[in-house]
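What's counted below: heavy atoms across the whole structure, side chains too, no hydrogens, waters or symmetry copies. Here is the naming used below: chain letters follow the sequence lines, and residue numbers restart at 1 for every chain.
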Number of protein chains: 2
Amino acid sequence: MNKIKPKYRHIQNYLKEQIQQGNYKPGELLPSENDLCKRFSITRTTARKAMDGLINEGFIERIHGKGSRVKERRHTLGLLNVKGFSEAVGEGVKTVFLQNPQKAKWSNEIGLPVSENEKKTSCIYFERLRFVGETPVMLEKNWFSDTVLPGFEKSEFVDGSFFKTLSQRYLIEVVGSTQEIRAEYAHEKQGQLFGIIKGTPLLHIPIKFSTTTPKLNIYSELYCETSSYPVANSYFI
Amino acid sequence: MNKIKPKYRHIQNYLKEQIQQGNYKPGELLPSENDLCKRFSITRTTARKAMDGLINEGFIERIHGKGSRVKERRHTLGLLNVKGFSEAVGEGVKTVFLQNPQKAKWSNEIGLPVSENEKKTSCIYFERLRFVGETPVMLEKNWFSDTVLPGFEKSEFVDGSFFKTLSQRYLIEVVGSTQEIRAEYAHEKQGQLFGIIKGTPLLHIPIKFSTTTPKLNIYSELYCETSSYPVANSYFI
DNA sequence: TAGTGGTCTAGACCACGGT
DNA sequence: CCGTGGTCTAGACCACTAG
């Protein structure tokens, strides 16, 4: 019944963990493609597909004739690709829950259209404020259908990461995202949270994350105070 | 001496042109992968690699068991991936040059670091204001080294597109981009251009485009008025 | 020159969609 | 059922980097 993870995704996740755990540091080279082939008994096509994924996620870059190098985690936030906050940065990041996961209504604050099927279900909501050091940089609101994640409200997040929780506890992976980006005035309440005056420009990013389960999309509204920590994004073919 | 374009990129560009010219309309299916194999005498690996590129650029989506469908050109701007404005939208778009391409100094308005080699060269600058219908939505400032594009100032743009000009006149392709995104107040002059009051929130996006020529990067500063036309972005693995 | 990534071939089997 | 895309194998040759 459940979908089988393809080989390349196993390798991809394995390498990603190695990088996240610091076993391969920025600037270092990953094992060569041929190494991976031998180690995991796969062909180069599969090895490359795994590394393609890591490139898309911004973890590595290929250097022709040399190898695949782990990329610097920029001190700006490597956000805005697939995946959330905790995966992107690792250092002086702090997260405060303003609202723990609990049942709620589908809000009309959600910027991207919620699918009809999901509207019929009930919905789980949570809200977090993210800091770099002591500076609040991102307010994050999340909605998703409660039909495929039984017991979600009651359990803790794995490593504090929502997406890691999805992956490890429910075997659900994020496979894509659609987003819009706007510049807006901060509302009163947002201003208080960020410690800025009402009317300061804020980045507003509605996102819809798609997952390996068609029944589950994550709808997020992000508000970012970009004066010290701009949002960043890289893309290579 | 010159780099040879790989097969998959030829196919990719061919299909992209077909879509841009409206031979395949949004919602329609492209030829199947097997069709492409026969038509161009290639294997599926190559056909898929070509289509992978189109997916990354947001032109198509794959539907398992069905085919590859041309995606709707959203009436929001499909910008923010690789490639510029004219490639992304096709309809009621207008462009006004505020400053034609001409020699200039490397400005300190450029947000992302200019490489040392490029700093030593002289630089070409141009500035455009982009409209959707009669609404100005984006102010675009561009700098790049003049060493690899002889005669650039004197010639017209191909189809009004800077990137198409690079591709067709100089055989240079954009292969990636790095960008930051900030929300800022509009300055006086920007406010006048957009017909908004000073202090309205604007999206500010410094971008560095990488090309097939290591000597050429395009440094852009975009300012977007997002209240009617937010910037958009999709990503799928 | 040895080892790396970049491209490509010629197959194979599977999962999914629609008839 | 057939045709589609999704994954994978087992090779090959080329272009680039570095000792």
With sequence neighbours excluded, what pairs up with [X] under the side chain to side chain donor-acceptor pair (under 3.5 Å) test?
| X | answer |
| --- | --- |
| Gln102(B) | Gln99(B) |
| Asn34(A) | none |
| Glu109(A) | Lys141(A), Tyr223(A) |

Within less than 4.0 Å of OP1 or OP2 of [N], is there a side-chain N or O belonging to [X]?
| X | N | value |
| --- | --- | --- |
| Tyr8(A) | dC8(D) | no |
| Lys49(B) | dT7(C) | yes |
| Lys7(A) | dT9(D) | yes |
| Thr46(B) | dT9(C) | yes |

- State which residues pass salt bridge (charged side-chain N to carboxylate O under 4.0 Å, His left out) with Glu116(A); sequence neighbours excluded, sorted by chain then number. Lys119(A)
- Looking at residues at least two apart in the chain, or sitting in another chain, which of them share a salt bridge (charged side-chain N to carboxylate O under 4.0 Å, His left out) with Glu33(A)? Arg44(A), Arg48(A), Arg62(A)
- Message: Within the 4.0 Å heavy-atom criterion, would you say Ile42(B) contacts the bases, only the backbone, or no part of the nucleic acid?
- Response: sugar-phosphate
Would you list the atom pairs, donor with acceptor, under 3.5 Å between side chains in residues 146-153 of chain B and any protein atom, with sequence neighbours excluded?
{"from": "Asp146(B)", "atom 1": "OD1", "to": "Ser122(B)", "atom 2": "OG", "distance (Å)": "3.2"}
{"from": "Asp146(B)", "atom 1": "OD2", "to": "Lys103(B)", "atom 2": "NZ", "distance (Å)": "3.1"}
{"from": "Asp146(B)", "atom 1": "OD2", "to": "Ser122(B)", "atom 2": "OG", "distance (Å)": "2.9"}
{"from": "Thr147(B)", "atom 1": "OG1", "to": "Ser145(B)", "atom 2": "OG", "distance (Å)": "2.9"}

Could I get a table of every N or O pair under 3.5 Å where one atom is in the protein and the other is in nucleotides 1-5 of chain C?
{"from": "dG3(C)", "atom 1": "N2", "to": "Gly65(A)", "atom 2": "O", "distance (Å)": "2.9"}
{"from": "dT4(C)", "atom 1": "OP1", "to": "Ser32(A)", "atom 2": "OG", "distance (Å)": "3.4"}
{"from": "dG5(C)", "atom 1": "OP2", "to": "Glu33(A)", "atom 2": "N", "distance (Å)": "2.8"}
{"from": "dG5(C)", "atom 1": "N2", "to": "His64(A)", "atom 2": "NE2", "distance (Å)": "3.4"}
{"from": "dG5(C)", "atom 1": "N3", "to": "His64(A)", "atom 2": "NE2", "distance (Å)": "3.4"}

- Task: Dot-bracket for DNA chain D, please, read 5' to 3', with Watson-Crick or G-U wobble pairs under 3.5 Å on both distances, ( ) within the strand, [ ] crossing, | other strand, . unpaired.
- Result: ||||||||||||||||||.
- Task: Quick one: which residue pairs count as a ring pair (Phe, Tyr, Trp, His ring centres under 6.0 Å) with a foot in residues 9-56 of chain B, not counting sequence neighbours?
- Result: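 Listed once each, the pairs are Tyr14(B)-Phe40(B).
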- Taking the inter-plane angle between the rings of Phe157(B) and Phe126(B) on a 0 to 90° scale, is it parallel (under 30°), tilted (30 to 60°) or perpendicular (over 60°)?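 Plane angle over 60°, so perpendicular.
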